Structures are given as structure tokens and as C-alpha cells.
2 protein chains.
Amino acid sequence: MTDPSVTGVARPTHKPDTRTRRPVEEREAQIIDAAFLAFAEAGLDETRLEDIARLAGVAKGTIYLYFPNKEALFREMIRRTVLVRLDELEHAPHDADAVTDFARVVRSYWQYINEPQFPVLYRLVTGVLPRLPELSQFFAERVSLRWQRLLQSCIDACIRDGVFGREQAAGAARMLHALLMQHALMRANPTICDAIGLHDADAVMDRVLSFFRAAMRPSPPPTHAADDSTH
Amino acid sequence: MTDPSVTGVARPTHKPDTRTRRPVEEREAQIIDAAFLAFAEAGLDETRLEDIARLAGVAKGTIYLYFPNKEALFREMIRRTVLVRLDELEHAPHDADAVTDFARVVRSYWQYINEPQFPVLYRLVTGVLPRLPELSQFFAERVSLRWQRLLQSCIDACIRDGVFGREQAAGAARMLHALLMQHALMRANPTICDAIGLHDADAVMDRVLSFFRAAMRPSPPPTHAADDSTH
DNA sequence: TGTAAAAATGACTGACCGGTCAGTATCGTT
DNA sequence: AACGATACTGACCGGTCAGTCATTTTTACA
């Protein structure tokens, strides 16, 4: 008996520093990581605390030393996983060139929502919406709205520079967000991804951006040519 | 024993319309409707069979006369609710005019995904994805892919007519689908809907269509004016 | 009205699992 | 080494609920 997984490792080499409290954060992270994996596979209700405990390499009771209950663990897991990398991305300094800036932000967003965690989070949050509405609110605020604001500011800069026309300015960020988000979600769905070939993430983003730029390109001066559309 | 769904019809009784078996379908529909309401509120796991039974006005045991278990009831509820109105829409005869046709199909799709049931179905299906992957496949096939094909055929017709340019032809239906779907989902999320004002469904659709048309408008002839963009 | 079959009922059962806590192991200090 | 203090464990408890089935109600028909 006893636990062979961790015991006996930490030899008392005098005492380098009192790391007594360090393990607390480690344990939490350990449990959170395990929770992500377990919840990702089975969702909030179908996941048993035992499973999380086993994945984390601790006993079930240990989880309750760090989180008051299953739901709180779930919530905290979502919170932390959503926030990973989000802040650093937003706080990156703006470039001088509006176009470069725009491209950089779009790429960051695209990267973020195409990491494998993202669709999982989206699914988990969506799945528990009626039970944990504040979580969905948090998600909407932190992801959808935040990025839309960021995108809009880049787009506005491009409009000021004359790269984009003014015609589609209103809601342009929403459109771009919709295109990117939906494509990321489609890519995460094997049925759809296979059916319409979205495997190459870069290619998909280029395609979306090309479409977006086409919509945003300034109108030609009013030369009223009736039907010059021949191929 | 035997199959209750069809048996007894061939009775040579002189009664002209033996409605003997009519209640069977009624009961099923009754239970399915109640299941939709109950599942919509709490999801697959959190919904108790008792709740569904109470909503349907039957006893719990009765449900098991019509559905083998909870999961099958859930699946069947999704299947039927997804299919409602889908076929009739697709089978409507095509118009002669490509533009009118396009507008009609887009409006149908928009209507479909903005009915209050739709986001609920989307959420439910998304929520149980790892457990019932074939359901998500069904949903993807019946909604996303089917409509994308339909949209693409309308768009192609518009391109042939010169209304849309050829440049963005590839994946145009996917783009439009992404825009419409994501906007419908955002509209169903109170946090987002309130934050960016998407309450007026018609206005939102117009905005999306305007953006889409801007992207699809044929390019002007190649007058290579370098920087004519100054308003 | 009688009666047999079909339909519906809801009390019951047993598996399951979130949460508890008495007990054990480990660590830091003296 | 001895002694708290702290971290961890996992058997256990109790509530819950999907699914069952003996019983009751309804229906069909003579």
C-alpha cells in the first residue's frame, strides 16, 4: 500500500528555502490541468471526481482541500484556461503601421481560437449555459467582445489610412469576428472540417482575410459603368 | 409484445376510421415537446425523466412505452426538432431570377436559425458532442453543410449572371454561412446581444447582406491607379 | 353490460457518485 | 528523537434518479 507516485522523492537536504507553501500552487495547477482533460472528454456532469483525482495523481479528498466543490472547480478551470495568453496578446504594443497592426491582431486572434483548448472551452461553456450563466457572460466578455473591440480599433486605423473604405465600417469587427470564430469552430468539427477541407489553418485564415479585404476595399470612384462585368 | 405502432390497423371492423392507433403519435409528440422544453432548460443530464413526464402530463413509466431510454428520447427529440421546416424550405422551387432566389434562400436560412428553438438545439447538441458524436454529425450535415450547398448554388447563379464577381467565389457560401450563423448565435446570447445591439433581426440581416454584397461586388476594370483612395 | 386486451401508472430498487472525515504520512522545528 | 502542524487519503454515507413491473384504468367490441 502507500502511494508510490510521489513519496520518498524529496530528500531533506538541510533546507534550501521553506518551500512549504509552494506545493499549494502546484497542486492546484495539477488538479486544474487534470480537470481540463477530464471535463473536455466528458463534460461537467459525466465527469466523476474520481477521474479527475486519478488523472491528477491525488485522492478524491485532496481536491476538496483546494476547491469547495465540483462546480467551483469547473468554473475555476474555465476561468484560468480562458485567460491563458489572453492578456499578453492584448497588451502587446501597437505598431505604427495600421495595416501591419491589423494583420498582427488578426493572426493573434486566429491563433488563440485555433488552439485545441479553445473549441473545448467553447463547448463546455456553451453546454452549461443555463446552469452557469455568469460563466457564459465571462466568456462572452473576455473573448467575443474584447477581441471585437480590439479588432475594431485596428480596422478604424486602417480606414483612417484609407486602406479600408468607410462604407462597411459599422460592424466590420463583428463581421471579421464572425468569420474567424465560425471558421475556427468548423475546423474543430471533424464532420465539417473533412467535408469542406479546412485542415490548413493558414490557408483558411488567408481565405477569410481575402474575403474581408474584398468587402472593405474602398469603392471605386463613381464611374457608372453599367455592365462591365464580363469575366 | 409485437409492434404496437402498426398492429391492429387491418382490423376488418365495420368502423370506418379506427382511430385506435391515433393516440400513439399524439403521445409521442406530446412527450417530445415536453422533452424539448425540459432539456432546453436543464440539458441532458440535469433533466429528470419525472420533469418531462410532468410537463407531458403522463407518468414516468409511460415514457418508456414510447422510448427505450432517456438518451434515445433526447436523440429523437433533437432529430425531429432539427428537421421541422427544413425540408419544406429546401424543396421550394427555384426562382427564375438568381438574385431573387438568393435573397429568398438567405432569408429562409436566417429565419430558420433565428427561431428560438435553434440556439437551444445548437447548445444541446454542442453540449453532448463527445457523448453522442453521431448527433453532432447529423446536425452538421443537416444544417451547416446542407445550407452551405444551397447557398453556394444560389451564389453561383448570381455569379453567372454577373451580379457577383468571380474573385471571391470559392468558399463564398461558407463565408455567408459563417456570418449568418455567428450573428444568430450572438443574438441568442443576451450578454453579447445587449452589448452590441443586435435586437432587430431584420436590421442585422441587412447589415450582414450588405457586407457580403460588398465583398462579392465585381472588381472594377484594372485601372491601376496607385493611391486614389483619398476620399 | 361484460370482458379481454392495451395503455398507463407510480412505488420501488439498486447503481452511482458528490461530498465527508477519521485516520495516516510527511515535514519543519527543537 | 520527539512533537506538533500540515497535507493527504480513501472508505463510507446518503441522496438521487434511471429504469422496472405489478397493479389499475381505459378502450374496443360483442
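Keep in mind that this is a model prediction, so the values were computed, not measured. Quick note on labels: first sequence line is chain A, next is B, and so on, each numbered from 1.
Rounded to a whole Å, the CG atom of B/Asp45 is 13 Å from the C1' atom of D/dT16. Remark: C1' of D/dG19 and CG of B/Leu73 are 13 Å apart, rounded to the nearest angstrom. Across the protein-nucleic acid pair, B/Leu65 atom CG and D/dG19 atom C1' stand 12 Å apart, rounded to whole Å. Between the CD atom of B/Glu25 and the C1' atom of C/dA7 there is a distance of 16 Å, rounded to whole Å. The interatomic distance linking B/Ile63 (CD1) with D/dC21 (P) rounds to 18 Å, in whole Å. D/dA18 atom P lies 15 Å from atom CD1 of B/Ile31, rounded to whole Å. Put simply, OH on A/Tyr64 is 14 Å from C1' on D/dT9, counting in whole angstrom units. Distance CD (B/Glu46) to P (D/dC17): 8 Å, rounded to an integer number of Å.
A donor-acceptor contact under 3.5 angstrom links the side chains of A/Arg27 and A/Gln30, judged on distance only. Donor-acceptor pairing under 3.5 Å is recorded for the side chains of A/Arg207 and B/Gln168. With 3.5 Å as the limit, one finds a donor-acceptor pair spanning the side chains of A/His199 and A/Asp194.
Taking CG of A/Leu180 as the reference point, atom CE of A/Met175 lies at 13.0 Å (rounded to 0.5 Å).
Across all strands, B/Phe67 comes closer than 4.0 Å to no nucleic acid atom at all (heavy-atom distances).
The phosphate of C/dA8 has OP1 or OP2 within less than 4.0 Å of a side-chain N or O from B/Tyr66.
Minimum atom distance to the side chain of B/Arg27 is reached by C/dA8, of the listed D/dC17, C/dA8, C/dC17.
Counting heavy atoms of neighbouring residues, nucleotides and ligands inside a 6.0 Å radius, atom CD of A/Glu71 exceeds 12 of them.
Taking the centre and axis of the six-membered ring of B/Phe138, the NZ or CZ atom of B/Arg79 falls inside the cone set by 45° and 6.0 Å.
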Measure all distances between protein nitrogen or oxygen atoms and nitrogen or oxygen atoms of nucleotides 10-14 of chain C, and list the pairs falling under 3.5 Å.
residue : atom : partner : partner atom : Å
C/dG10  : N7   : B/Gly61 : N            : 3.4

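Remark: the backbone N or O of A/Val58 is not paired with any side-chain donor or acceptor of A/Thr62 at under 3.5 angstrom.
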